[in-house]
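One structure is given here, and the rest of the page talks about it.
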Amino acid sequence: MPTTPATATHSSSNGTAEPIMLELVDENGATIGTAEKLAAHQAPGQLHRAFSVFLFDEQGRLLLQRRALGKYHSPGVWSNTCCGHPYPDESPFAAAARRTYEELGISPSLLAEAGTVRYNHPDPASGLVEQEFNHLFVGMAQAALKPDPEEVGETAFVTAAELEKRHAEGPFSAWFMTVLDAARPAIRELTGPSAGW
């Protein structure tokens, strides 16, 4: 399976290169077609299915990742534990578990759905646009991380208070606060009131 970048191709069973395809959706999240990954992100953007994962440790701290500098979109910025796109006909849950393992070398524990959020976030630095119908997931990180350096530049576990300070200092992905705020009810249910989320 391909991991990066958006313009990369992967080999099919017969050895030919195939573009990475995303699932296009309507405003209700119903599949309406497919588009090549980079094309879907070029302005004004095509609404497509995505996912965002938020994993926590036993102390209720959120696992953040700083995106690798070689990534085509939002390189070098902090973001949620993992985010990406299901392949056509791949469930968001399966894609979330797959990409968490590919990027961070762990399988999430207690991974659960946490709703959806739809947004439109242009990235001024790259000119790309995140027009996404995003499926949210929360869970636990209960194994040692083994980040893929092509995907992840750095990781950190942070409390809610530490996140507030880090976010003020930046830089964070354009979509981070949107997906975090949408996932907060499920995050609070997972971590409990004392964690402060």
Side-chain angles (χ1 to χ4, degrees), residues 1-12 15-24 34-55 62-88 90 92 94-108 119-132 134-137 141 143-158 162-163 166-180:
M1 292 288 189
T3 53
T4 57
T7 53
T9 57
H10 64 283
S11 295
S12 67
T16 60
E18 295 177 353
I20 298 172
M21 302 301 288
L22 306 185
E23 203 168 71
L24 300 179
T34 60
E36 188 275 326
K37 186 175 180 181
L38 187 57
H41 288 87
Q42 290 173 333
Q46 295 173 276
L47 183 59
H48 58 274
R49 195 176 307 285
F51 66 82
S52 288
V53 177
F54 297 86
L55 297 185
L62 172 62
L63 174 58
L64 297 177
Q65 70 154 279
R66 186 191 290 266
R67 295 164 63 85
L69 292 175
K71 291 183 78 75
Y72 80 102
H73 191 349
S74 302
V77 303
W78 287 97
S79 199
N80 49 293
T81 307
C82 180
C83 52
H85 310 91
Y87 295 122
E90 180 183 29
R98 171 180 58 79
R99 284 301 291 157
T100 301
Y101 184 79
E102 289 172 355
E103 292 189 9
L104 294 161
I106 61 168
S107 295
Y119 53 78
N120 176 2
H121 285 304
D123 176 34
S126 67
L128 300 174
V129 178
E130 290 288 6
Q131 280 267 22
E132 294 188 329
N134 197 306
H135 297 256
L136 308 171
F137 297 92
L145 302 177
K146 297 179 284 262
D148 177 351
E150 291 187 11
E151 295 287 341
V152 180
E154 189 178 350
T155 61
F157 281 96
V158 298
E162 289 166 345
L163 175 61
R166 276 181 181 257
H167 191 261
E169 295 168 353
F172 272 75
S173 64
W175 62 87
F176 176 75
M177 287 308 298
T178 300
V179 293
L180 175 64

Apply side chain to side chain contact (heavy atoms under 4.5 Å, CB included) to residues L128 and L38 and explain how you reach the verdict.
CA-CA 9 Å; L128 300 174; L38 187 57; 4.2 Å; yes

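- Atom NZ of residue K146 and atom CD1 of residue I106 lie 9.0 Å apart, to the nearest 0.5 angstrom.
- Remark: N80 CG to Q65 CD distance equals 7.5 Å, nearest 0.5 Å.
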List the steps and the verdict of side chain to side chain contact (heavy atoms under 4.5 Å, CB included) for L104 and L55.
CA-CA 11 Å; L104 294 161; L55 297 185; 5.5 Å; no

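- The side chain to side chain contact (heavy atoms under 4.5 Å, CB included) search around S107 returns Y101, not counting sequence neighbours.
- Results of the side-chain contact (heavy atoms from CB on, under 4.5 Å) test with E90 over H85, R98, E23 single out R98 as the only residue that passes.
- Annotation for Q46 and A35: closest pair OE1-CB, 3.6 Å, computed over non-hydrogen atoms.
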Under the criterion side chain to side chain contact (heavy atoms under 4.5 Å, CB included), I'd like the reasoning laid out for K71 against E151: C-alpha separation, chi angles, the key distance, then a yes or no.
CA-CA 7 Å; K71 291 183 78 75; E151 295 287 341; 2.5 Å; yes

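- Looking at every heavy atom in both residues, V152 comes nearest to E103 through CG2-O, 3.6 Å.
- Scanning for side chain to side chain contact (heavy atoms under 4.5 Å, CB included) contacts around T178 gives V117, Y119, H121, with sequence neighbours left out.
- Residues satisfying the ring pair (Phe, Tyr, Trp, His ring centres under 6.0 Å) test with H135, not counting sequence neighbours, are F133.
- E154 meets the side chain to side chain donor-acceptor pair (under 3.5 Å) test with R66; sequence neighbours excluded.
- The ring pair (Phe, Tyr, Trp, His ring centres under 6.0 Å) test applied to F176 returns F172, not counting sequence neighbours.
- Note: L63 CG to T155 OG1 = 6.0 Å, rounded to the nearest 0.5 Å.
- Annotation: side chain of P92 is in contact with side chain of F137 (closest heavy-atom distance under 4.5 Å).
- Between the CD atom in E36 and the NE2 atom in H41 there is a gap of 10.0 Å [rounded to 0.5 Å].
- Partners of S126 under the side chain to side chain donor-acceptor pair (under 3.5 Å) rule, at least two apart in sequence or in another chain, are D123.
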Derivation of the side chain to side chain contact (heavy atoms under 4.5 Å, CB included) call for F157 and L145
CA-CA 11 Å; F157 281 96; L145 302 177; 4.2 Å; yes

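- Closest heavy-atom contact between P88 and M21: CD-O, 3.2 Å.
- Note on E102 versus R99: salt bridge recorded, some NZ/NE/NH1/NH2 to OD/OE distance being below 4.0 Å.
- Rounded to the nearest 0.5 Å, atoms CH2 (W175) and OG (S74) are 4.0 Å apart.
- The minimum heavy-atom distance linking R67 with C83 is given by the pair NH1-SG, 3.9 Å.
- Residues V158 and R166 come closest through the heavy atom pair CG1-NE, 3.4 Å.
- Between the CD1 atom of I20 and the CG atom of L22 there is a distance of 8.0 Å, given to the nearest 0.5 Å.
- Smallest separation of non-hydrogen atoms from G76 and L69: CA-CD2, 3.7 Å.
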